[in-house]
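Here is the structure we will look at, set down as structure tokens.
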Amino acid sequence: MQLSIIVPTYNEAPNVAELIRRVSAATESIDAEVIFVDDSTDDTPDVIRQVAASASLPVRLVHRSSRAGGLGSAVVEGMALAESDACLVIDGDLQHPPELIPVLFERFSRGDADVVIASRYAGGGTATGLADRTRVLVSKAATALTRAMFPVRLREVTDPMTGYFLVDRRAVDAATLRPRGFKILLEMLARKNLRVAEVPFAFAGRHAGESKASLRQGLHFLTQLTALRFGKMSLFAVIGGLGAIVNLAIVWGLTAAGVDYILAAVIAAETTIIGNFLLLERFVFHDMREAAGSVWLRFAKSFSFNNAEALIRIPIMALLVETWHISAVVATGLTLVVAFVVRFVFHSLVVYAPRKAGIEPTRARRFVEELDAQAMSPGEL
Ligand code: GDD
Ligand code: MN
């Protein structure tokens, strides 16, 4: 088997026969199979079985009883079941012309790319099949935002959101994928450095039926983007924000109960520092605890850092206000942002540093590498 063609479907009954007809015609000279990963609630599975019986290439069907995993997980499941390592993903509604399959396959066969992407935005490609002006705008904006957030990894990718691509399954780290929502290609590209090639194509109108994209998919996409880009950092930020609220609440409660405000501030600060540490241990750095020093050592580092930070931040703020004449609010915001980044870097590189490092690469290099690894590691947001 040279090529496994994976088709995620959700209520695509009127498109199945035409899809198989065009796919078989296009793959006459390729040893290929088709795998439908179907979550339909209509008669799509029956239609697939019927069409499979008379198809000129092997057609398999996996029917799942729930749509919960969505398009992305359907693709991952199809890839796991594929006979061939070369896995081509194509939508079931014929917006992706099957006639391009041999072109993608030929490009892939040259052997210098882990993934060949059918791009709407590469020279010669078009996105005219998008339902309306709004979809075009949303698609373009999302693509631009995504590329801006991954300037290095997506340097050569004009269409990270396309649903039409051919990937070498061995090059993808299936265990690291968090296949929520529609954007499974982005997930693969962001998690690992893949060698990419692109082939332009014209995104057609739907053959029949309607799009399953929704506002909900859009929201999925935004959380996916955040989790991909910031990984632990976004969770770290959420916990930090929570700590700030608790801090205020404690000060408010204690002063209302007549406790002196300085004492109240100290109690609130120490309580949040301890609480934050426990939350970080449990939710953000749980996967790094094992390799790091003992819990007391971690606590000591975290605790002293946070206390030192609080002590240093206030005079720096005063300095900003007094000598640079920056407004107190701006100065607070500025120092909080800087403190946040420094705190994150300190925790991931010092508090949770692995106990033993092997041969020492240059410190600067290790710093950058670890920071990058941190930023790319999956977050559970
Ligand atoms: N198994 C499964 N489960 N399939 C699904 C699900 C699901 O929950 N949701 C959608 N699909 C299938 C559809 O049946 C179709 O075959 C394919 O996934 C794409 O869904 P559409 O509803 O046609 O989405 P679209 O046309 O708006 O967007 C597509 O094209 C864009 C541009 O290439 C998707 O592929 C997007 O990811 C892509 O960005
Ligand atoms: Mn579609």
Side-chain angles (χ1 to χ4, degrees), residues 145 148-151 222-223 225-227 229-285 288 297-353 363-364 366-376 379 381:
L145 173 69
M149 289 178 88
F150 299 92
L222 287 180
T223 34
L225 206 57
T226 322
R229 177 71 280 197
F230 300 113
K232 291 185 186 313
M233 210 194 226
S234 46
L235 255 176
F236 190 87
V238 169
I239 289 175
L242 222 71
I245 295 170
V246 172
N247 194 323
L248 289 177
I250 295 177
V251 171
W252 177 78
L254 287 179
T255 47
V259 177
D260 175 69
Y261 79 96
I262 302 263
L263 184 62
V266 171
I267 293 175
E270 301 308 331
T271 313
T272 21
I273 286 174
I274 294 169
N276 271 6
F277 174 74
L278 294 176
L279 289 174
L280 291 181
E281 282 272 304
R282 170 79 181 76
F283 294 109
V284 184
F285 296 108
M288 294 164 74
L297 187 61
R298 299 198 291 272
F299 178 70
K301 285 178 181 169
S302 176
F303 188 77
S304 28
F305 177 87
N306 285 311
N307 277 292
E309 182 228 286
L311 282 178
I312 294 169
R313 196 161 50 81
I314 313 272
I316 290 185
M317 231 172 69
L319 208 71
L320 288 179
V321 175
E322 301 294 323
T323 57
W324 287 8
H325 306 291
I326 294 176
S327 91
V329 177
V330 175
T332 310
L334 220 66
T335 55
L336 280 176
V337 169
V338 173
F340 167 76
V341 176
V342 177
R343 195 184 312 144
F344 178 71
V345 171
F346 182 84
H347 276 80
S348 46
L349 300 188
V350 180
V351 178
Y352 293 92
R363 281 181 87 183
R366 222 181 64 204
F367 179 85
V368 171
E369 271 174 4
E370 281 191 36
L371 192 61
D372 186 59
Q374 277 305 305
M376 299 311 294
L381 202 70

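Quick caveat, the model's predicted, so the values are computed rather than measured.
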State the [atom1]-[atom2] distance between [X] and [Y], to the nearest 0.5 angstrom.
X: F277; Y: L279; atom1: CZ; atom2: CG; answer: 11.0 Å
X: I326; Y: T335; atom1: CD1; atom2: OG1; answer: 10.0 Å
X: T272; Y: N306; atom1: OG1; atom2: CG; answer: 9.0 Å
X: H347; Y: N276; atom1: NE2; atom2: CG; answer: 8.0 Å
X: L334; Y: S327; atom1: CG; atom2: OG; answer: 10.0 Å
X: F283; Y: I239; atom1: CZ; atom2: CD1; answer: 7.0 Å

Quick check: closest heavy atoms across [X] and [Y], and the distance to 0.1 Å?
X: A264; Y: T255; answer: CB-CG2, 4.0 Å
X: N247; Y: A269; answer: ND2-CA, 3.9 Å
X: V351; Y: S302; answer: CG2-N, 4.1 Å
X: V251; Y: A268; answer: CG2-CB, 3.6 Å

ring-ring contact (aromatic ring centres under 6.0 Å, His included) partner of Y352, the single match among F346, F344, F285: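 It is F285; the other options fail the test.
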Are the side chains of [X] and [Y] in touch, meaning some heavy atoms are under 4.5 Å apart?
X: V342; Y: E309; result: no
X: L280; Y: F236; result: yes
X: N307; Y: F303; result: yes

T323 side-chain N/O to L319 backbone N/O, donor-acceptor pair under 3.5 Å: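 Yes, T323 side chain to L319 backbone: donor-acceptor pair under 3.5 Å.
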Start with the C-alpha distance between R313 and V338, add both sets of side-chain angles, then the distance that settles side-chain contact (heavy atoms from CB on, under 4.5 Å), and finish with yes or no. CA-CA 10 Å; R313 196 161 50 81; V338 173; over 6 Å; no
Residues E281, F299; criterion side-chain contact (heavy atoms from CB on, under 4.5 Å); working and verdict: CA-CA 9 Å; E281 282 272 304; F299 178 70; over 6 Å; no
